[in-house]
Each structure stands twice: as structure tokens, then as C-alpha cells.
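Report on the structure given below.
The model shown is predicted, which means the values in this text are computed figures rather than measured ones.
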Amino acid sequence: MGCSGIPLKDACNLVLEDEANKRITYSNVDIRKTVAVIGWATSKAEYMNSLSHEMLHVVQHISEQFLINMYGEEVCYLLGGLVQAAIIK
């Protein structure tokens with residue numbers, strides 16, 4: 001996805017630390033791809049916190065790329081759709 005150097009090293013270290021409630025999101029806007037990683041959580045509430053936190057980063061990246069107003073309804077629907085897609089199997 002084009003992630004290299006210090007950002008890649010930081011992401012790997014974060015995931016490999018094997019500590020609770022760790023998460024990271026990386027977007028490559030040039031190729032329009034994002035990856036969000038959520039490690040193990042100490043509770044369902046903490047998992048939802050991590051999920052919504054990382055999905056908001058995704059929404060921010062999309063909004064910046066497509067000049068979407070972060071204060072409008074469009075981003076709220078985008079966030080809701082991403083969270084739904086992440087939890088529905």
C-alpha cells in the first residue's frame with residue numbers, strides 16, 4: 001500500500017507489542033486504499049471505542065481527499081456505514 005520507513009516500522013511495532021487496546025489506521029490516498037488494524041480489546045466497550053476511533057480516521061482521510069465537509073450529515077452516514085460494514089459478518 002505504499003507504507004514504508006518509519007510509519008511502517010511504527011505500525012508493525014504497535015501490533016507486535018501484544019498489548020490491549022492497540023490500533024492503527026493507514027491510508028494511501030493516491031491509490032484510494034486504507035487499512036485499519038484493531039488488536040485485542042479488554043472489553044466490548046473498549047473494542048467499540050477502538051473501532052469507532054479508527055473508522056473516524058478513515059472518514060477524515062476520505063473527507064479530505066474528496067473535500068467533504070466534516071460537519072455535515074454526509075460524514076455521519078459514511079461513519080455509520082463503515083462501522084456497520086466492520087461488524088456485520
Side-chain angles (χ1 to χ4, degrees):
M1 283 192 39
C3 182
S4 61
I6 292 173
L8 179 60
K9 183 180 175 185
D10 289 348
C12 289
N13 287 339
L14 185 73
V15 173
L16 295 174
E17 286 174 356
D18 195 33
E19 293 180 19
N21 309 318
K22 294 288 186 168
R23 62 225 182 199
I24 192 165
T25 295
Y26 174 78
S27 292
N28 183 328
V29 295
D30 293 333
I31 62 171
R32 295 184 178 179
K33 300 226 183 244
T34 296
V35 63
V37 177
I38 300 171
W40 64 278
T42 54
S43 66
K44 290 180 182 179
E46 188 59 46
Y47 175 78
M48 286 307 299
N49 179 24
S50 294
L51 177 62
S52 58
H53 177 105
E54 295 310 312
M55 292 301 101
L56 182 56
H57 284 307
V58 175
V59 168
Q60 289 171 324
H61 299 165
I62 292 169
S63 296
E64 182 178 0
Q65 183 70 14
F66 292 100
L67 303 174
I68 299 171
N69 180 356
M70 281 298 294
Y71 297 100
E73 278 295 301
E74 193 172 7
V75 295
C76 296
Y77 285 112
L78 180 56
L79 178 59
L82 286 171
V83 171
Q84 271 188 325
I87 62 172
I88 295 174
K89 295 182 181 185

Taken to the nearest 0.5 Å, the spacing of Gln65 CD from Leu67 CG works out to 8.0 Å
Rounding to 0.5 Å, atoms CZ (Phe66) and NE2 (His61) come to a distance of 13.5 Å
Below 4.5 Å, heavy atoms only, C-beta onward: do Arg23 and Tyr47 meet side chain to side chain? no
Could you state whether Tyr71 and Met55 fall into the same hydrophobic cluster, counting links through intermediate Ile, Leu, Val, Met, Phe, Trp or Tyr residues with side-chain heavy atoms under 4.5 angstrom apart?
-> no
Non-hydrogen side-chain atoms of Thr25 and His53 separated by less than 4.5 Å: no
ask   = When you look at Gln60 and His57, which way does the side-chain hydrogen bond (donor to acceptor under 3.5 Å, both in side chains) test go after all the steps?
value = CA-CA 5 Å; Gln60 289 171 324; His57 284 307; 3.1 Å; yes
To the nearest 0.5 Å, atom CD1 of Ile62 lies from atom CE of Met70 at 10.0 Å
Closest heavy-atom pair, Ser52 versus Leu79, reported as atoms and distance to 0.1 Å, is O-CD1, 4.3 Å
Is Glu74 atom CD crowded by more than 12 heavy atoms from other residues, nucleotides or ligands, each under 6.0 Å away?
no
**Report entry** Sidechain-backbone polar pair: Asn21 side chain, Thr42 backbone, donor-acceptor under 3.5 Å
**Finding:** yes
CD (Glu46) with more than 12 external heavy atoms under 6.0 Å: yes
Interatomic distance, OH@Tyr77 vs CG@Leu82, rounded to 0.5 Å, equals 15.0 Å
Val75 and Asn69 have their tightest heavy-atom pair at CG1-O, 3.4 Å
Would you sort out whether Val29 and Glu64 count as a side-chain contact (heavy atoms from CB on, under 4.5 Å), showing the intermediate values?
CA-CA 9 Å; Val29 295; Glu64 182 178 0; over 6 Å; no
Rounded to the nearest 0.5 Å, the OG1 atom of Thr34 sits from the CG atom of Asn28 at a distance of 8.5 Å
The reported gap from CH2 in Trp40 to NZ in Lys22 (rounded to nearest 0.5 angstrom) is 11.0 Å
**Prompt:** Hey, quick one: are Ile24 and Leu16 part of the same hydrophobic cluster, counting side-chain heavy atoms closer than 4.5 Å, chains of contacts allowed?
**Reply:** no
